[in-house]
Number of protein chains: 2
Amino acid sequence: MTLSQIKFDRTFRHGPGVECGECPIRTRAVCSLCEPHELNALDGIKSYREIPAGKRLYEAGEPMEHVASVVLGVGTLSRTLEDGRRQMVGLLLPSDFIGRPGRAEALYDVEALTDLTVCRFERKGFERILGSTPNVATRLLQMTLDELDSARDWAVVLGRKSARERVASFLLILARRLGRQSGGEMLFQLPVTREAMADYLGLTLETTSRQMSALRRDGVIATEGRSAVRVPDLIRLAEEAGDDSDGVALV
Amino acid sequence: MTLSQIKFDRTFRHGPGVECGECPIRTRAVCSLCEPHELNALDGIKSYREIPAGKRLYEAGEPMEHVASVVLGVGTLSRTLEDGRRQMVGLLLPSDFIGRPGRAEALYDVEALTDLTVCRFERKGFERILGSTPNVATRLLQMTLDELDSARDWAVVLGRKSARERVASFLLILARRLGRQSGGEMLFQLPVTREAMADYLGLTLETTSRQMSALRRDGVIATEGRSAVRVPDLIRLAEEAGDDSDGVALV
DNA sequence: CGAGTAATTGAAGTTTATCAACACACGTGG
DNA sequence: CCACGTGTGTTGATAAACTTCAATTACTCG
């Protein structure tokens with residue numbers, strides 16, 4: 001398999017009457033603990049939406065009448081300061097939840113990086129279900145607690161890691177969540193430009209690019225074209241990320 | 001009122017038979033939405049604990065058989081990298097929740113900065129209550145979502161703000177959560193050393209100290225002794241923090 | 001009041017940002 | 001299918017911010 005053959009999954013074809021049972025995020029999303037009858041309640045208010053790559057779904061401060069689960073594709077959550085400085089505060093990968101019950105306004109900009117498929121719920125209706133469906137509430141709490149942990153982990157990266165470690169940390173996250181294994185190597189497509197990477201990493205795009213070059217020069221990664229990445233040795237990459245603790249939780 | 005007279009509240013005297021109704025965090029903590037009969041369930045498994053300043057309650061990786069609410073005092077949540085770099089990922093102020101239902105191990109170091117009073121619950125018992133008491137589950141979800149937002153906001157500070165802006169941001173948070181108003185000024189005690197501030201801010205203690213001096217020189221703050229701080233103009237401080245958006249949500 | 005810790009300040013060094021030029025990929029149209 | 005143009009990525013030189021190492025001063029507590 002050559003690097004250029006790695007593409008994002010776009011296999012899920014939805015439409016009226018598509019069953020949740022066929023949904024690729026059925027086992028990880030906010031609905032994953034639901035019994036069949038609970039799923040019916042969600043099914044009644046759900047609708048799929050396709051968002052083209054590059055489109056902004058919400059801007060910080062805007063009203064937000066829906067919540068949603070990412071089904072396919074990659075999005076970002078970010079904040080822009082008045083002088084233009086931008087910081088991404090979260091990646092939105094399949095099964096991630098967008099929006100917040102109980103809040104009518106977006107706190108962050110939400111953007112589609114690749115074409116995005118989301119499973120959308122009208123917010124008020126979702127809040128009602130949340131109150132009457134413990135398995136949804138429980139799962140949302142679990143997911144939020146997990147998100148909180150990753151946000152805190154990311155604060156460690158932003159607060160204490162060098163540019164090289166930050167870039168390695170980012171590649172490691174993507175390799176774990178998007179990578180395909182192929183003969184001991186991990187292969188994946190970067191869903192982001194250098195600029196977006198820089199926004200996530202709290203660096204400039206030039207520094208980001210330099211560190212990518214350095215990691216390539218040192219054999220930690222190989223690249224092909226703009227976005228295909230090969231990681232020959234995930235443990236080596238984890239060491240570069242400073243995550244160490246002898247290679248915790250690889251895979 | 002002189003700065004040195006500002007002290008932390010230590011007015012809550014607990015002991016066997018103390019009613020939740022007298023609890024200073026009754027209206028904000030995880031129990032705040034509870035009906036009287038729900039409170040009884042929590043009351044049955046709660047116990048107050050005093051932790052002296054400086055003590056570590058948990059270390060990352062350790063088993064954690066309890067969860068708790070901070071009642072009085074200030075604590076920290078932090079992670080230490082193998083080479084000694086440390087990043088604080090959260091401040092624990094009164095009403096904040098410690099621990100996570102469903103996880104048996106601490107992810108971060110938890111330390112008492114000042115003497116700390118916590119209202120503690122055995123984790124398994126708390127998880128049972130969570131399942132049977134929607135008002136606890138709802139409130140915990142609210143609080144976790146809020147925490148997630150602050151963690152993300154902090155990522156913006158760490159990723160994009162200058163040393164001066166970071167120090168100002170930190171002072172602003174403390175002024176809002178710990179400050180007492182006195183004739184248009186805000187007065188509070190720093191519950192942390194410069195080193196702990198630096199750990200929170202992703203800076204060195206020297207840089208932190210220099211920026212404190214600079215803010216003092218520029219009249220943004222006044223200090224007395226090591227930890228008393230006076231903020232003559234909260235809006236000015238918010239501007240220095242780069243938080244701007246014309247002084248959002250002061251108070 | 002004195003000892004010891006915490007905080008401040010200075011000088012030099014390192015990392016990252018900024019400004020600027022150039023190269024490469026990828027889609028478009030010839 | 002190749003040439004071309006535009007946006008994206010790379011690299012270099014310089015400047016700025018922050019860190020590091022070191023010395024001094026100021027609190028606080030016994």
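Note on naming: letters A, B, ... go to the chains in the order of the sequence lines (proteins, then strands), and numbering restarts at 1 for each one. Predicted model, so just to flag it, every value in this text is computed and none were measured. These values consider heavy atoms only, across backbone and side chains, with no hydrogens, waters or symmetry-generated copies.
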- Item | Evaluation steps, salt bridge (Lys or Arg N to Asp or Glu O under 4.0 Å), between B/Arg210 and B/Glu206 | CA-CA 6 Å; B/Arg210 276 185 243 275; B/Glu206 293 94 331; over 6 Å; no
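No hydrogens or angles considered: a donor-acceptor pair under 3.5 Å links the side chains of A/Thr223 and A/Arg216.
Between A/Arg100 and A/Glu105, none of the side-chain N atoms (NZ, or NE/NH1/NH2) sits under 4.0 Å from a carboxylate O, so this pair counts as no salt bridge. Taking 4.0 Å as the cut-off between side-chain N and carboxylate O, B/Arg56 and B/Glu62 do not count as a salt-bridged pair. Looking at B/Glu111 and B/Lys55, no side-chain N of the basic residue comes within less than 4.0 Å of a carboxylate O on the acidic one, giving no salt bridge. Comment: B/Arg85 engages A/Glu165 in a salt bridge, judged by a side-chain N to carboxylate O separation of less than 4.0 angstrom. At a threshold of 4.0 Å, the pair B/Asp199-A/Arg160 counts as salt-bridged, since one of the basic side-chain nitrogens sits closer than that to a carboxylate oxygen. Note on A/Arg28 versus A/Asp96: no salt bridge recorded, every NZ/NE/NH1/NH2 to OD/OE distance being 4.0 Å or above.
Residue B/Arg210 contributes atom CZ, which lies 11 Å from atom C1' of C/dA12 at whole-angstrom precision. Between B/Glu206 atom CD and C/dA6 atom C1' the separation is 12 Å, expressed in whole Å. The nearest whole Å value for the distance from the CE atom in B/Met197 to the P atom in C/dA6 is 15 Å. As a whole-Å value, the separation of A/Leu205 CG from C/dC19 C1' is 12 Å.
Remark: A/Thr207 is in phosphate contact with C/dA17, judged by side-chain N or O atoms under 4.0 Å from OP1 or OP2. Applying the 4.0 Å criterion to OP1 and OP2 of D/dT10, one finds that A/Arg194 has a side-chain N or O inside that range.
Residues from residues 211-218 of chain A lying near DNA chain D, meaning a heavy-atom separation below 4.0 Å, are A/Ser213, A/Arg216 in numerical order.
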Hey, what are the protein-to-nucleotides 26-28 of chain D N/O distances that come in under 3.5 Å?
from	atom 1	to	atom 2	distance (Å)
D/dC27	O2	B/Arg226	NH2	2.9
D/dT28	OP1	B/Arg226	N	3.0

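Helix-axis bend for the helix from C/dC1-D/dG30 to C/dG30-D/dC1: the local axis fitted to the five terminal pairs at one end deviates from that at the other end by 40°, rounded to 10°.
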